[in-house]
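Worksheet: one structure, shown below.
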There are 2 protein chains.
Amino acid sequence: MSDLPLAAVERLIRKAGAERVSEDASEALADILEEYAITLGQKAASLAKHAGRKTVTGEDVKLAGRA
Amino acid sequence: MSDLPLAAVERLIRKAGAERVSEDASEALADILEEYAITLGQKAASLAKHAGRKTVTGEDVKLAGRA
């Protein structure tokens, strides 16, 4: 997959305190994040539809993240 | 925050089935993903340290995602 740029994902692992980061670590995290993003995106799209909207808003995403 | 590019995050929301995506939706999802990435990154860094390594690997990240 990897829609998310690996350099940005690697930065986040470093921000979390990693000294060194192998390339497959960034790839693995990108896969996990993308899967989570799709799951939340689907929930958010359902919430928008439920509210009679075609546009997914920040509130839909925040509610999806809490649910 | 937003270390993750919003255009890439918006693409993921569309991939999940959203017709239209407001900008604050992409921002909200980027925030959630970054927070999750830091949490998993911290777990992965601890797992690497536990294994006597300074380099965080894909296996560390995968195990952190399962734990």
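Residue numbers begin at 1 in each chain, while the letters A, B, ... track the order of the sequences.
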So which part of A18(A) gets closer than 4.5 Å to some heavy atom of chain B, the side chain, the backbone, both or neither?
both
Rounded to the nearest 0.5 Å, what's the gap from [atom1] on [X] to [atom2] on [Y]? Could you check?
X      : Y      : atom1 : atom2 : value
I38(B) : R14(A) : CD1   : CZ    : 12.5 Å
R66(B) : I32(A) : CZ    : CD1   : 9.0 Å
E34(A) : R11(B) : CD    : CZ    : 9.5 Å
L33(A) : L12(B) : CG    : CG    : 9.5 Å
I13(B) : L40(A) : CD1   : CG    : 9.0 Å

Selection from G41(A), A25(A), A44(A) maximising heavy-atom pairs under 4.5 Å formed with chain B
A25(A)
Show me the donor-acceptor pairs within less than 3.5 Å that the side chains of residues 53-64 of chain B make with the rest of the protein, sequence neighbours left out.
| residue | atom | partner | partner atom | Å |
| --- | --- | --- | --- | --- |
| R53(B) | NH1 | T55(B) | O | 2.9 |
| R53(B) | NH1 | D60(B) | OD2 | 2.8 |
| R53(B) | NH2 | D60(B) | OD1 | 3.1 |
| T57(B) | OG1 | E59(B) | N | 3.4 |
| T57(B) | OG1 | D60(B) | N | 3.3 |
| T57(B) | OG1 | D60(B) | OD2 | 3.2 |
| D60(B) | OD2 | T57(B) | N | 2.9 |

Sort A16(B) into side chain, backbone, both or neither according to what part of it lies under 4.5 angstrom from a heavy atom of chain A.
both
Do the side chains of V21(B) and L47(A) join up, straight or via other hydrophobic residues, at under 4.5 Å, putting them in one cluster?
no
Top contributor to chain A interface from A8(B), S22(B), S46(B), S26(B) [non-hydrogen pairs under 4.5 Å]:
S22(B)
